[in-house]
Amino acid sequence: MNPPRTDARRRHDPEVRGFASDNYAGVHPEVLAALAVANGGHQVSYGEDDYTEHLQHVIRGHFGPTAEAFPVFNGTGANVVALQAVTDRWGAVICAESAHINVDEGGAPERVGGLKLLTVPTPDGKLTPELIDRQAYGWDDEHRAMPQVVSLTQSTELGTLYTPEEIRAICAHAHARGMVVHVDGSRLANAAASLDVPMRTFTNAVGVDLLSLGGTKNGALFGEAVVVINRDAVRHMKHLRKLSMQLASKMRFISVQLEALLAKDLWLRNARHSNEMAQRLAEGVRAVHGVEILHPVQANAVFARLPHEVTERLQQRFRFYFWDESAGDVRWMCSFDTTADDVDAFVAAVKEEMAR
């Protein structure tokens with residue numbers, strides 16, 4: 001059979017690479033192949049398909065026998081649905097000031113989810129029991145939103161990692177105060193790869209109640225999942241997913257991508273590679289006089305400070321973003337398809353521009 005005809009034309013240069021976001025990368029070929037396998041014929045819609053059913057077995061292999069996955073379209077949707085499921089109308093979520101749910105989701109958790117974020121400044125993006133206690137009070141005060149959830153990001157927005165022991169301590173602390181623990185895991189795979197442990201080691205094994213599991217940043221076309229571990233803590237997930245416009249009619253095409261990543265080791269291979277490229281990048285620019293690495297490079301992000309005018313010249317050659325423009329701070333992200341040549345070309349450009 002001849003391949004189907006298409007009038008689509010490539011409108012970009014596939015050789016152009018940047019360090020702005022791991023969302024810039026395309027789709028991993030194994031994920032594209034899985035999408036083709038799932039295509040054709042008819043499958044029941046809205047999650048009653050064979051691929052979504054099989055995904056549940058895959059998820060339980062990673063997150064324990066009680067785990068249940070609810071595929072959604074994107075990371076913000078996963079966070080909003082997850083946090084709605086564990087808060088009342090008067091509820092609040094304690095999170096780091098730098099958390100994605102606070103600074104990069106357009107106010108969706110509060111405006112769409114109808115909850116209050118109680119933020120805590122953190123030097124490295126990580127909460128601790130002591131930092132949580134700055135906001136964990138006033139449960140009987142009707143004038144204050146009630147703290148009901150602690151939300152962690154793993155890896156954090158600053159590229160740092162919680163150890164399993166740190167998350168265990170946070171879970172014990174939160175549970176003792178009647179709160180549940182949510183993990184924003186858009187880069188959960190990068191954390192597991194860096195810590196060299198299974199994802200269960202710092203999720204269900206240490207007391208996490210539910211998490212947002214990323215796919216897009218690790219090679220998927222689109223799609224994430226809310227993974228419920230503690231079913232007693234969660235209410236009405238199916239209804240909330242629909243209400244939040246995150247219920248996919250052709251859900252098999254989200255589920256099969258997550259299966260392609262998680263059923264074997266593709267998730268780990270992709271994450272390890274992007275982490276390794278970030279280490280290579282950090283090592284390269286660390287040797288350049290005038291470039292300061294701001295945070296430990298523990299996942300696939302490098303945060304640096306360099307002169308403003310150097311950054312502006314570099315941005316004409318490679319795409320990346322300021323993190324704090326007033327301070328001259330930038331963020332460089334590596335992806336599953338970042339190559340050593342990409343990194344070396346960028347490091348060479350940094351050297352050239354710093355020497356000007």
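Predicted, not measured: the structure shown is a model, and the values here were computed from it.
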Look at the side chain of Ser274 and the backbone N and O of Ala271, then say whether any donor-acceptor pair between them is shorter than 3.5 Å.
yes

I'd like to know if the side chain of Asp133 pairs up with that of His173 as donor and acceptor (distance under 3.5 Å, no hydrogens or angles considered).
yes

Between Gln246 (side chain only) and Phe73 (backbone N and O only), is there a donor and an acceptor less than 3.5 Å apart?
yes

Those residues at least two apart in sequence (or on a different chain) that pass side chain to side chain contact (heavy atoms under 4.5 Å, CB included) with Gln148 are Thr87, Asp88, Trp90, Met146

Would a hydrophobic clustering, with Ile, Leu, Val, Met, Phe, Trp and Tyr connected at side-chain separations under 4.5 Å, put Val80 with Met245?
no

Minimum-distance pair of heavy atoms, taken over all atoms of Val72 and Gly77
CG2-C, 4.5 Å

State, with a plain yes or no, whether a side-chain heavy atom of Phe63 is found less than 4.5 Å away from one of Val208.
no

Between Trp332 and Tyr321, does the ring centre distance come in under 6.0 Å?
no

Using a 4.5 Å cut-off on heavy atoms from C-beta on, say whether the side chain of Leu195 contacts that of Gln154.
yes

Name the residue from Leu314, Val285, Val310 that meets the side-chain contact (heavy atoms from CB on, under 4.5 Å) definition with Met354.
Val310

Kindly say whether Glu48 contributes a backbone atom to a donor-acceptor pair with the side chain of Thr52 at under 3.5 angstrom?
no

Please check this pair: side chain of Asn204 against backbone of Ile229, looking for a donor-acceptor N/O pair closer than 3.5 Å.
no

Residues Val256, Val37; criterion side-chain contact (heavy atoms from CB on, under 4.5 Å); working and verdict:
CA-CA 9 Å; Val256 76; Val37 168; 5.7 Å; no

Could you check whether any side-chain N or O of Tyr51 sits under 3.5 Å from a backbone N or O of Met251, counting only pairs where one atom can act as donor and the other as acceptor?
no

Working to the nearest 0.5 Å, report the span between CG of Leu118 and NZ of Lys116.
6.5 Å

Are Phe336 and His273, when compared by the centres of their aromatic rings, separated by less than 6.0 Å?
no

Please examine the side chains of Asn23 and Met333, heavy atoms only from C-beta on, and report whether any two atoms are closer than 4.5 Å.
no

Within a radius of less than 6.0 Å around NE2 of His308, do more than 12 heavy atoms belonging to other residues, nucleotides or ligands occur?
yes

Okay, side chain of Arg241, backbone of Pro71: is any donor-acceptor separation there less than 3.5 Å?
yes

Would you call the rings of His54 and His57 parallel, tilted or perpendicular, taking 30° and 60° as the class edges?
tilted

Once rounded to the nearest 0.5 Å, what's the spacing between atom CE of Met277 and atom OG1 of Thr338?
8.0 Å

According to the salt bridge (Lys or Arg N to Asp or Glu O under 4.0 Å) rule, which pairs have a member within residues 300-326, sequence neighbours left out?
Glu292-Arg305, Arg305-Asp329, Arg313-Glu353, Arg317-Glu352, Arg317-Glu353

As a quick check of understanding, evaluate side chain to side chain donor-acceptor pair (under 3.5 Å) for His175 and Asp209, giving each step before the final call.
CA-CA 10 Å; His175 292 159; Asp209 296 289; 2.8 Å; yes

Do Gln84 and Ser244 pair up side chain to side chain, a donor and an acceptor below 3.5 Å, judged on atom types alone?
yes

Does the side chain of Thr311 come within less than 4.5 Å of Gln315's, by heavy atoms?
yes

Atom CG in Leu210, atom OG1 in Thr203: separation rounded to 0.5 Å?
11.0 Å

Of all heavy-atom pairs between Ala145 and Ala92, which one has the smallest distance, and what is that distance?
CB-CB, 3.8 Å

Hey, does the side chain of Thr153 reach the backbone of Glu157 with a donor-acceptor pair shorter than 3.5 angstrom?
no

Separation of Leu240 CG from Leu83 CG (nearest 0.5 Å)
11.0 Å

Asp49 side-chain N/O to Gln43 backbone N/O, donor-acceptor pair under 3.5 Å
no

Beyond-backbone contact of Asn39 with Phe253, side-chain heavy atoms, under 4.5 angstrom
yes

Checking Glu166 side chain against Thr163 main chain: does a donor-acceptor pair fall under 3.5 Å?
yes

Can a donor-acceptor pair be found between the side chains of Gln135 and Arg144 at a distance below 3.5 Å?
yes

Quick check on the hydrophobic clustering: are Val150 and Val228 connected, directly or via other members, by side-chain heavy-atom contacts under 4.5 Å?
no

Could you grab the distance from atom CD1 of Ile101 to atom SG of Cys95, nearest 0.5 Å is fine?
4.0 Å

Do other residues, nucleotides or ligands put more than 12 heavy atoms under 6.0 Å from Tyr46 OH?
no

A side-chain contact here means heavy atoms from C-beta on lying under 4.5 Å apart; do Val347 and Leu281 qualify?
yes

Between CD1 of Ile59 and CG of Leu262, what distance do you get to the nearest 0.5 Å?
5.5 Å

So which heavy atom on Gly223 is nearest to which on Leu258, and how close?
O-CD2, 4.3 Å

Of Phe19, Phe322, Phe320, Trp323, the residue whose pairing with Phe303 passes ring-ring contact (aromatic ring centres under 6.0 Å, His included)
Trp323

Go through Ile132 and Arg177 one step at a time and tell me if the side-chain contact (heavy atoms from CB on, under 4.5 Å) criterion holds.
CA-CA 11 Å; Ile132 289 167; Arg177 284 155 177 73; 5.9 Å; no

Looking only at the side chains, is there a donor atom on one of Glu224 and Asn74 sitting less than 3.5 Å from an acceptor on the other?
no

Check: Gln298 side chain, Leu161 main-chain N or O, donor-acceptor pair, under 3.5 Å:
yes

Please assess Arg187 against Asp22 for the test salt bridge (Lys or Arg N to Asp or Glu O under 4.0 Å), listing each intermediate value before the final yes or no.
CA-CA 10 Å; Arg187 297 186 179 95; Asp22 35 10; 2.8 Å; yes

All heavy atoms of Arg200 vs all of Gly61, minimum pair found to be NH2-O, 2.6 Å

Count the heavy atoms of every other residue, nucleotide or ligand shown that sit under 6.0 Å from CG of Asp140, and state whether that count exceeds 12.
no

Salt-bridge contact Arg272-Asp265 (side-chain N to carboxylate O under 4.0 Å)
no

Are side-chain N/O atoms of His182 and Ser212 paired as donor and acceptor at under 3.5 Å?
yes

Do Arg286 and Val291 come close enough that some side-chain heavy atom pair is under 4.5 Å?
no

Between Asn79 and Thr76: side-chain donor-acceptor atoms closer than 3.5 Å
no

Cut-off 3.5 Å, side chains only: do Asn300 and Ser335 have a donor facing an acceptor?
no

Is Arg269 paired with Glu30 through a side-chain N to carboxylate O contact shorter than 4.0 Å?
yes

All heavy atoms of Ala299 vs all of Asn275, minimum pair found to be C-OD1, 3.1 Å

Give me the one residue out of Leu117, Leu115, Val180 that meets side-chain contact (heavy atoms from CB on, under 4.5 Å) with Val149.
Val180

Which pair of non-hydrogen atoms, one from Ile170 and one from Val181, has the smallest distance, and what is that distance?
O-CG2, 4.5 Å

Under a 4.5 Å cut-off applied to non-hydrogen side-chain atoms, are Ser98 and Thr122 in contact?
yes

